[in-house]
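Here the structure is laid out as structure tokens; the discussion comes afterwards.
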Amino acid sequence: MLTAVLGACSSDEGGATPEPPQPGETTVTFSKRYNEGLTFYSNILGQQVTYNILLPEEYLTDAERHFDVVYLFHGYGDKASSWGPGHFDISTVEGRARAAGKVRPLIYVMPDGGNSYFVNRYDGSYRYMDMLVDELVPAIDALLRTNATASSRAVAGYSMGGFGALAVASKHPETFSTCIGLSPSLNTDEQYKTLGSWDNQWGSVFGGYGTTGQPRLTSHYINLCPLHFFADNPAQYSSVGYFIDCGDDEERLYIGNGELHSLMRDNNVAHEYRVRNGAHTTAYWREGLTEGLAFFESRLSGAAYPLDEEPADATAAPAARTVGSASLYVGTGCKLNASTHIIYCELGTGAASLTPDDVAAALGSLLAGRNVALAVVKADANFTPEELFSAVEADLGLSNGDSHRQIMIYGTTSGRLAAYAFAGAEAGGFYAEDADYTIPAGAQFKARTYAVGISDMGTNYKAALAMYCALRDAGAPCQYRVRNGRDNLISASNGFLQLSEFMNLPIR
């Protein structure tokens with residue numbers, strides 16, 4: 001018998017609250033889309049559980065149609081209503097995603113998880129994950145016209161809810177096929193050992209209450225933490241599709257999420273990973289959920305999730321001339337005056353096997369519209385930075401100095417230009433695209449800006465994260481982007497173009 005009970009509802013859409021289901025009923029008729037304050041009694045928890053639902057308009061107008069379902073997990077200190085109007089506003093996010101053609105009509109279920117991390121408590125006294133899988137999901141399938149299969153269900157969450165989404169989907173692939181983690185609350189082991197407020201936020205859930213250091217890393221925590229369990233028989237997670245997104249301005253979670261990406265790459269756990277500009281904010285998560293829903297749509301439809309796009313830049317690159325060891329490109333936007341900047345690019349080896357012409361093609365629109373020249377040198381060429389600068393700038397008749405030099409590196413490189421950039425050069429900027437370079441101890445950070453970019457399938461994912469973390473540790477002005485893409489020419493071209501957006505270059 002269905003034990004769900006419908007409580008008081010609030011919505012900006014009219015309609016009366018339906019009567020509670022009677023014994024033998026399998027569904028309840030709803031007259032409005034957003035329904036808040038629904039409850040059912042959990043025998044596992046021994047208490048009422050509150051949840052909200054958002055129905056698509058089609059659910060109200062087509063009594064025969066069944067729908068796929070997304071379970072939404074809120075963050076620490078929030079509750080089910082945090083997904084509603086005035087906060088996350090899931091109705092607006094869902095509406096925009098549908099209007100953009102990113103996702104089909106779906107049912108959204110928003111359970112109240114308290115501060116449980118949506119997992120079972122270490123001492124078994126509060127088995128939230130068991131309740132969710134064994135009671136709530138079956139109750140929703142009985143209450144609503146759902147497609148009641150794992151392939152038709154996704155779980156998505158932000159912050160604490162992102163941790164919960166990763167744990168629940170990974171531990172129960174028989175129930176969920178897709179996981180969308182938005183800034184998941186993932187701290188490294190070293191961070192957990194010293195975090196304040198441990199007892200209130202983590203110790204009461206994972207154990208290690210009242211401790212510091214290694215005792216906090218309990219077996220229960222290790223079993224439920226993605227930074228550990230993806231290293232254990234990774235093939236068991238092959239049926240779940242993972243989409244993870246964490247902003248580059250996060251206070252500390254950028255480290256744990258970056259390490260999660262590396263761990264999943266190391267163990268061949270297929271996933272999508274994004275790092276965009278942003279912090280631990282609702283605005284960031286709205287954008288992330290929109291793309292996460294598109295990822296779920298590709299899983300539902302069976303269509304290949306797009307890995308690459310053609311480069312946005314279609315402007316033809318200027319012809320090159322050889323100056324010393326460099327290929328020099330001077331576009332129509334370059335006026336050769338006191339405002340002119342020069343992008344010096346050291347091109348190492350990578351999966352894309354780029355040529356200087358490829359770099360110039362990727363930056364074609366920049367060369368046509370900005371007062372900038374491009375000098376590309378291969379990493380295996382015989383040069384020093386000083387020789388390169390002298391030859392190129394003499395050829396152009398310029399002596400504009402260090403602040404007009406933009407330093408860019410790609411691939412596995414000898415790092416001569418990179419070493420110059422971290423030896424006290426007050427360059428206009430330093431930009432690394434899928435580069436294998438380690439910032440040395442004692443480095444100086446005097447460039448105006450630093451940017452590190454790579455695709456989520458790029459080769460040097462560990463080096464990219466390490467560079468970004470070193471920049472953050474040094475307090476340097478930096479940007480970090482992990483975008484959708486493969487490790488090929490198109491992806492690298494998109495990366496060069498993305499990095500160029502951070503260059504403060506004069507127009508003509």
Just by distance, do the side chain of Q236 and the backbone of D232 share a donor-acceptor pair under 3.5 Å?
yes
How would you list, by chain and number, every residue that makes a side-chain contact (heavy atoms from CB on, under 4.5 Å) with E174, sequence neighbours excluded?
V133, H172
In short, salt bridge (charged side-chain N to carboxylate O under 4.0 Å, His left out) pairs touching residues 214-225 with sequence neighbours left out are none
Not counting sequence neighbours, list each pair that qualifies as a salt bridge (charged side-chain N to carboxylate O under 4.0 Å, His left out) and has a residue in residues 151-165.
D141-R153
List for me each residue that meets ring pair (Phe, Tyr, Trp, His ring centres under 6.0 Å) alongside Y237, sequence neighbours excluded, and say none if there are none.
F229, F230
Sorted by first residue and then second, give each salt bridge (charged side-chain N to carboxylate O under 4.0 Å, His left out) pair with at least one member in residues 162-172; sequence neighbours left out.
none
Are F243 and Y305, when compared by the centres of their aromatic rings, separated by less than 6.0 Å?
no
Listed partners of R104 passing salt bridge (charged side-chain N to carboxylate O under 4.0 Å, His left out), at least two apart
D68, E297
Geometric class of the F206/Y221 ring pair [parallel <30°, tilted 30-60°, perpendicular >60°]
perpendicular
Testing the basics here: between S185 and L253, what is the closest heavy-atom pair and its distance to 0.1 Å?
CA-CD1, 3.9 Å
What residue among W83, Y284, F118, F163 forms ring pair (Phe, Tyr, Trp, His ring centres under 6.0 Å) with Y158?
W83
Residues two or more places apart in sequence or in another chain: which of them pass ring pair (Phe, Tyr, Trp, His ring centres under 6.0 Å) with H280?
W285
Is it the case that the side chain of S301 and the backbone of A303 share a donor-acceptor pair, with hydrogens and angles ignored and the cut-off at 3.5 Å?
yes
Set of ring pair (Phe, Tyr, Trp, His ring centres under 6.0 Å) partners for Y254, sequence neighbours left out
Y468
Apply ring-ring contact (aromatic ring centres under 6.0 Å, His included) to residues F176 and Y71 and explain how you reach the verdict.
CA-CA 9 Å; F176 297 98; Y71 286 76; 5.5 Å; yes
Candidate list I439, I409, L471, T449, test side-chain contact (heavy atoms from CB on, under 4.5 Å), partner F430, passing option
I409
Could you tell me which residues satisfy side-chain contact (heavy atoms from CB on, under 4.5 Å) with R65, sequence neighbours excluded, listed by chain and number?
E58, D62, F67, P105
How far apart are the closest heavy atoms of A169 and C179, and which atoms are they?
CB-CB, 3.8 Å
When rounded to the nearest 0.5 Å, the distance separating OG1 of T282 from CD of E287 is 12.0 Å
Distance-only criterion, 3.5 Å: show the donor-acceptor pairs between side-chain atoms of residues 452-460 and protein atoms not counting sequence neighbours.
unit_1: S455; atom_1: OG; unit_2: M457; atom_2: N; d: 3.4
unit_1: S455; atom_1: OG; unit_2: G458; atom_2: N; d: 3.1
unit_1: S455; atom_1: OG; unit_2: G485; atom_2: O; d: 3.4
unit_1: S455; atom_1: OG; unit_2: R486; atom_2: O; d: 2.8
unit_1: D456; atom_1: OD1; unit_2: G485; atom_2: N; d: 3.4
unit_1: D456; atom_1: OD2; unit_2: Y273; atom_2: N; d: 3.1
unit_1: D456; atom_1: OD2; unit_2: R274; atom_2: NH1; d: 3.0
unit_1: T459; atom_1: OG1; unit_2: D487; atom_2: OD2; d: 2.2
unit_1: N460; atom_1: ND2; unit_2: D434; atom_2: O; d: 2.9
unit_1: N460; atom_1: ND2; unit_2: D434; atom_2: OD1; d: 3.2

Distance, nearest 0.5 Å, that separates CG of L166 from CG of L227:
9.5 Å
For residues 252-269, pull every pair meeting salt bridge (charged side-chain N to carboxylate O under 4.0 Å, His left out), keeping only residues two or more places apart or in separate chains.
D266-K462
Please identify each residue that fulfils side-chain contact (heavy atoms from CB on, under 4.5 Å) with A154, with sequence neighbours left out.
V70, T178, F296
Kindly state whether the ring of Y431 and the ring of F502 have centres lying under 6.0 angstrom apart.
no
Classify the angle between the aromatic ring planes of F422 and Y450 as parallel (below 30°), tilted (30 to 60°) or perpendicular (above 60°).
parallel
Check whether any side-chain heavy atom of L217 sits under 4.5 Å from a side-chain heavy atom of K193, and report yes or no.
yes
What heavy-atom pair brings T218 and G208 nearest, and what distance separates the two atoms?
CG2-N, 3.5 Å
